[in-house]
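Heads up: the structure comes next, in structure tokens.
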Amino acid sequence: MMSKPQPQPRRQSFKMLPSEYEPGLKPLLECDGAWEGPPQIGTHLGPPEPDIEHCSILPEPCLRPGLPGSLAAEAWSRGRWLVGLLILQSNSSFVLSGYSDLLERHLVVTLFLTMLVGAGGNAGNQSAIKVIRGLATGALRPTLGMLRATLARQAIVGLLLASGLASAGWVRVYLTAGDPRHASAIALSLLLIVNTSVLVGTALPFALARLGVDPANAGTSIQVVMDVMGVLITCACCRLVLDQLAGVLRHAPPHP
């Protein structure tokens, strides 16, 4: 009797996304001679092989999910990064303590502080994910020229997003507080936060890739970075508009 041929196990592969910037570029990641895509980003098309794949772009082997070693390595890799972000995010308390007098006089600023830093983190995360996807599929390369081109494109997008969000934020604050000064101060803060966040979120994956760090870490990092920067920008803008500019207008001589 002829033995039935044994079915070949399906390889773990990932769906490629179309190139948006340079369709002719080839992907960056090569596993066993054929690009399959990074394990943390791709779409699984089949169960993984029982052995361990070694990918040329990664410093460590792509361990099969479920192995005890892979779980501990993943927890250690992610945990140390999260601890660093935790320490960085705690710096926002120093910023708040430095502007405690401002926040006591203008309580409305604290009411919308989470809205401001949240908008910055969301906008920056969108840009970071867009770049991470481009680096994973090969549509983008971690080069200085590609960084400049991507930043130029995202700067225009960021300006459009910031203008729209600042307008919506002004209306939201005015309906709540009924004071155009507070609405203008918070809207200006939102304009600067969103613009900054889009540019930082675009540049961060490039920087991590150049340093040999997984660019996927930019997704969590941009949230923390913009938490700290958002608090700083908000407090500085509100002090400028509500204290310094208001004081100048208050002491200005009346028109004849």
Side-chain angles (χ1 to χ4, degrees), residues 12-44 52-63 70 73-74 76-85 88-89 120-162 193-229:
Q12 181 181 9
S13 57
F14 301 86
K15 185 185 297 183
M16 281 189 60
L17 299 173
S19 170
E20 179 178 351
Y21 293 92
E22 295 187 23
L25 289 178
K26 294 182 179 180
L28 295 177
L29 184 61
E30 184 175 344
C31 294
D32 294 343
W35 186 82
E36 298 291 340
Q40 69 272 22
I41 296 177
T43 302
H44 291 273
I52 296 177
E53 291 184 328
H54 291 266
C55 307
S56 60
I57 197 173
L58 299 179
E60 299 175 353
C62 306
L63 299 179
S70 67
E74 180 182 355
W76 167 249
S77 176
R78 294 170 59 179
R80 61 184 179 180
W81 191 266
L82 292 175
V83 169
L85 295 178
L88 176 61
Q89 193 168 29
N122 292 335
N125 199 29
Q126 285 181 336
S127 298
I129 290 176
K130 188 178 184 67
V131 175
I132 292 170
R133 183 182 66 178
L135 292 173
T137 61
L140 296 176
R141 299 255 179 188
T143 62
L144 186 59
M146 186 69 74
L147 171 62
R148 285 197 298 260
T150 309
L151 280 175
R153 175 188 177 94
Q154 290 300 308
I156 300 175
V157 176
L159 182 60
L160 296 174
L161 290 173
I193 288 173
V194 173
N195 264 316
T196 303
S197 181
V198 169
L199 294 178
V200 175
T202 301
L204 192 56
F206 282 100
L208 294 179
R210 295 283 293 183
L211 293 173
V213 180
D214 188 357
N217 288 314
T220 54
S221 302
I222 187 60
Q223 298 278 354
V224 175
V225 170
M226 289 315 303
D227 278 353
V228 179
M229 293 185 64

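Everything numeric here is computed off the predicted structure, so don't read it as measured data.
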How far apart are the C-alpha atoms of T196 and M229, what are their side-chain angles, what is the distance that settles it, and do they pass the side chain to side chain contact (heavy atoms under 4.5 Å, CB included) test? CA-CA 9 Å; T196 303; M229 293 185 64; 3.4 Å; yes
Please report the closest heavy-atom contact between V198 and A123, naming both atoms and the distance. CG2-CB, 4.0 Å
When rounded to the nearest 0.5 Å, the distance separating CG of L135 from CZ of R141 is 10.0 Å
Would you mind reporting whether L208 and D214 have side-chain heavy atoms less than 4.5 Å apart? no
Work out which heavy atom in V228 is nearest to a heavy atom in Q89; give both atom names and the distance. CG2-CA, 4.0 Å
With rounding to the nearest 0.5 Å, note down the distance linking CD1 in I129 to CZ in R133. 9.5 Å
Report the C-alpha distance between L140 and F206 in whole Å, list the side-chain angles of each, state the deciding distance to 0.1 Å, and finish with yes or no for side chain to side chain contact (heavy atoms under 4.5 Å, CB included). CA-CA 9 Å; L140 296 176; F206 282 100; 4.2 Å; yes
I need the T143 OG1 to L147 CG distance, nearest 0.5 Å. 8.0 Å
Under a 4.5 Å cut-off applied to non-hydrogen side-chain atoms, are L161 and V157 in contact? yes
List the atom of S127, the atom of T202, and the distance in Å for their closest heavy-atom pair. CB-OG1, 3.5 Å
Does Q223 reach the side chain of N125, with side-chain heavy atoms less than 4.5 Å apart? yes
So how far is it from M146 CE to L151 CG, rounded to the nearest 0.5 Å? 12.0 Å
Just by distance, do the side chain of S77 and the backbone of E74 share a donor-acceptor pair under 3.5 Å? no
Tell me whether the count of non-hydrogen atoms from other residues, nucleotides or ligands lying under 6.0 Å of CG in L211 goes above 12. yes
Which atom names give the shortest non-hydrogen contact between A216 and I132, and what distance separates them? CA-CD1, 3.8 Å
Working to the nearest 0.5 angstrom, can you tell me the gap between L204 CG and L199 CG? 12.5 Å
Note, V213 side chain near N217 side chain (heavy atom, < 4.5 Å): yes
Side-chain donor/acceptor of S197 to backbone N/O of G124, under 3.5 Å: yes
